[in-house]
Peer 1: 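Below is a structure I'd like to ask you about.
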Number of protein chains: 6
Amino acid sequence: MTVYRWLMALSARNQLKGRITEITLGDIMAHVVVKIGKHTIESVITRRSAEYMKLKKGDTVEVIIKSTEVILKK
Amino acid sequence: MTVYRWLMALSARNQLKGRITEITLGDIMAHVVVKIGKHTIESVITRRSAEYMKLKKGDTVEVIIKSTEVILKK
Amino acid sequence: MTVYRWLMALSARNQLKGRITEITLGDIMAHVVVKIGKHTIESVITRRSAEYMKLKKGDTVEVIIKSTEVILKK
Amino acid sequence: MTVYRWLMALSARNQLKGRITEITLGDIMAHVVVKIGKHTIESVITRRSAEYMKLKKGDTVEVIIKSTEVILKK
Amino acid sequence: MTVYRWLMALSARNQLKGRITEITLGDIMAHVVVKIGKHTIESVITRRSAEYMKLKKGDTVEVIIKSTEVILKK
Amino acid sequence: MTVYRWLMALSARNQLKGRITEITLGDIMAHVVVKIGKHTIESVITRRSAEYMKLKKGDTVEVIIKSTEVILKK
């Protein structure tokens, strides 16, 4: 038996795996909280995407962030 | 003696503390790699900001990401 | 008595001080209008941030915009 | 003689008129500084756009910013 | 009779003309679906912009996307 | 023989397949032009991503755009 693994590459340099701990659906947008190790990342996506992806508490997801969107504070 | 701590709040919901492990200056932009626990976040900022902030390897910084910029993959 | 001022630097190159003239809370997002001198800047943030920051009409705030997000028209 | 003025509407809620005070071309990107009244807004666009638009110091331009890109600090 | 055409240039390199096939207004945001040839682009803007622009199904619009916002997948 | 297809879902609602017609590497960033049917989409990503993904002229790629990044013009 051969397992075919499809390797997908994304140009977005930040991809972190975590687990959804909370999801709130609004009329147009949805607020999703993802626990990544001991960190938390919050994401706002469209309600349609949340429904299309059937996102729910406990799901394993990856957060993806383009490096041009990351601000630094010192 | 009193220590005044100024509490600043940012609307960007993602603020993670880490340490710069690598910084590359280009003509207009700069690429900064930040180690956050066992995760890595990469940021692209202007060269001017990197110079103005005197960013260098080893600096403690916070990465700041607006939740509307975070994509989810499942 | 000594006043400790903590100097924070952000890589986002646009930081303008203004006053909130209007704030509308939605289910997930909030729409905030900020008067900056004779200009007006509108911001959409999460409702959670608006509540966490206790934003209200009359508050002095800074708007922060990463330079990669600014489009030019001529 | 009739002057036809074409009214264009953009969904981006922030549109501020100013004057370019500085422009630096890099290999891929360009850094543009715009004076808007007594404020300054910096923009990073592609070098191609800067060339296509023939942007130069002294040009009157508008900066355009989508409200979802505006972070608030208090 | 002379027709005056005002040529406007935007630094955002992606500008595609299409037709609105669906628009949903939420409390703060609006979800707009635009058909561009045989492709579909979805946009989330503020409800205020949707109302100010009087956007409705069937309208011809352009979608505008800054190139720094475009992620590539391979 | 069984073909395992892994179905990946992304919250970004805009995903268009095309072909790279031009790629320019800068010191930090790379400018990529993608032909999508009769349309063209330009993307600016990090040089590192372009190298990591081994992007080259002729490659089939998908452009991915979060709907909150799409501005409308009427």
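Chain naming here is simple, since letters A, B, ... match the order of the sequence lines and numbering starts at 1 in each.
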Peer 1: So what's closer than 4.5 Å to chain E heavy atoms on F:Leu72: side chain, backbone, both or neither?
Peer 2: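 When you check distances to chain E, atoms from both the backbone and side chain of F:Leu72 fall under 4.5 Å.
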Peer 1: For each of E:Val61, E:Val44, E:Ile65, E:Val63, tally heavy-atom pairs with chain F at distances under 4.5 Å, and name the one with the top tally.
Peer 2: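 So the answer, after comparing E:Val61, E:Val44, E:Ile65, E:Val63, is E:Val44.
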Peer 1: Are E:Ile41 and F:Val70 close enough, and set up right, to give a side chain to side chain contact (heavy atoms under 4.5 Å, CB included), and what steps lead you there?
Peer 2: CA-CA 8 Å; E:Ile41 295 279; F:Val70 180; 4.0 Å; yes
Peer 1: Report which part of F:Ile45 has an atom under 4.5 Å of a heavy atom belonging to chain E: side chain, backbone, both, or neither.
Peer 2: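 Contact with chain E involves the side chain of F:Ile45 alone.
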Peer 1: Check chain F against chain E and list any donor-acceptor pairs under 3.5 Å.
Peer 2:
unit_1: F:Arg13; atom_1: NE; unit_2: E:Glu42; atom_2: OE1; d: 2.5
unit_1: F:Arg13; atom_1: NE; unit_2: E:Glu42; atom_2: OE2; d: 3.3
unit_1: F:Arg13; atom_1: NH2; unit_2: E:Glu42; atom_2: OE2; d: 3.4
unit_1: F:Asn14; atom_1: OD1; unit_2: E:Glu42; atom_2: N; d: 2.7
unit_1: F:Asn14; atom_1: ND2; unit_2: E:Glu42; atom_2: O; d: 3.0
unit_1: F:Glu42; atom_1: N; unit_2: E:Asn14; atom_2: OD1; d: 2.7
unit_1: F:Glu42; atom_1: O; unit_2: E:Asn14; atom_2: ND2; d: 3.0
unit_1: F:Glu42; atom_1: OE1; unit_2: E:Arg13; atom_2: NE; d: 2.6
unit_1: F:Glu42; atom_1: OE2; unit_2: E:Arg13; atom_2: NE; d: 3.3
unit_1: F:Glu42; atom_1: OE2; unit_2: E:Arg13; atom_2: NH2; d: 3.4
unit_1: F:Ser43; atom_1: OG; unit_2: E:Val70; atom_2: O; d: 2.8
unit_1: F:Val44; atom_1: N; unit_2: E:Ser67; atom_2: O; d: 3.0
unit_1: F:Met53; atom_1: O; unit_2: E:Lys74; atom_2: NZ; d: 2.9
unit_1: F:Lys54; atom_1: O; unit_2: E:Lys74; atom_2: NZ; d: 3.2
unit_1: F:Asp59; atom_1: OD2; unit_2: E:Lys74; atom_2: NZ; d: 3.0
unit_1: F:Glu62; atom_1: N; unit_2: E:Lys73; atom_2: O; d: 2.8
unit_1: F:Glu62; atom_1: O; unit_2: E:Lys73; atom_2: N; d: 2.8
unit_1: F:Ile64; atom_1: N; unit_2: E:Ile71; atom_2: O; d: 2.8
unit_1: F:Ile64; atom_1: O; unit_2: E:Ile71; atom_2: N; d: 3.0
unit_1: F:Ser67; atom_1: O; unit_2: E:Val44; atom_2: N; d: 3.0
unit_1: F:Val70; atom_1: O; unit_2: E:Ser43; atom_2: OG; d: 2.8
unit_1: F:Ile71; atom_1: N; unit_2: E:Ile64; atom_2: O; d: 3.0
unit_1: F:Ile71; atom_1: O; unit_2: E:Ile64; atom_2: N; d: 2.8
unit_1: F:Lys73; atom_1: N; unit_2: E:Glu62; atom_2: O; d: 2.8
unit_1: F:Lys73; atom_1: O; unit_2: E:Glu62; atom_2: N; d: 2.8
unit_1: F:Lys74; atom_1: NZ; unit_2: E:Met53; atom_2: O; d: 2.9
unit_1: F:Lys74; atom_1: NZ; unit_2: E:Lys54; atom_2: O; d: 3.2
unit_1: F:Lys74; atom_1: NZ; unit_2: E:Asp59; atom_2: OD2; d: 3.0

Peer 1: Heavy-atom distance under 4.5 Å to chain F: side chain of E:Leu55, backbone, both or neither?
Peer 2: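 For E:Leu55, heavy atoms of backbone and side chain both lie under 4.5 Å from chain F.
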Peer 1: Of the backbone (N, CA, C, O) and the side chain (C-beta and beyond), which part of F:Ile36 lies under 4.5 Å from a heavy atom of chain E, both, or neither?
Peer 2: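 For F:Ile36, backbone and side chain are both near chain E.
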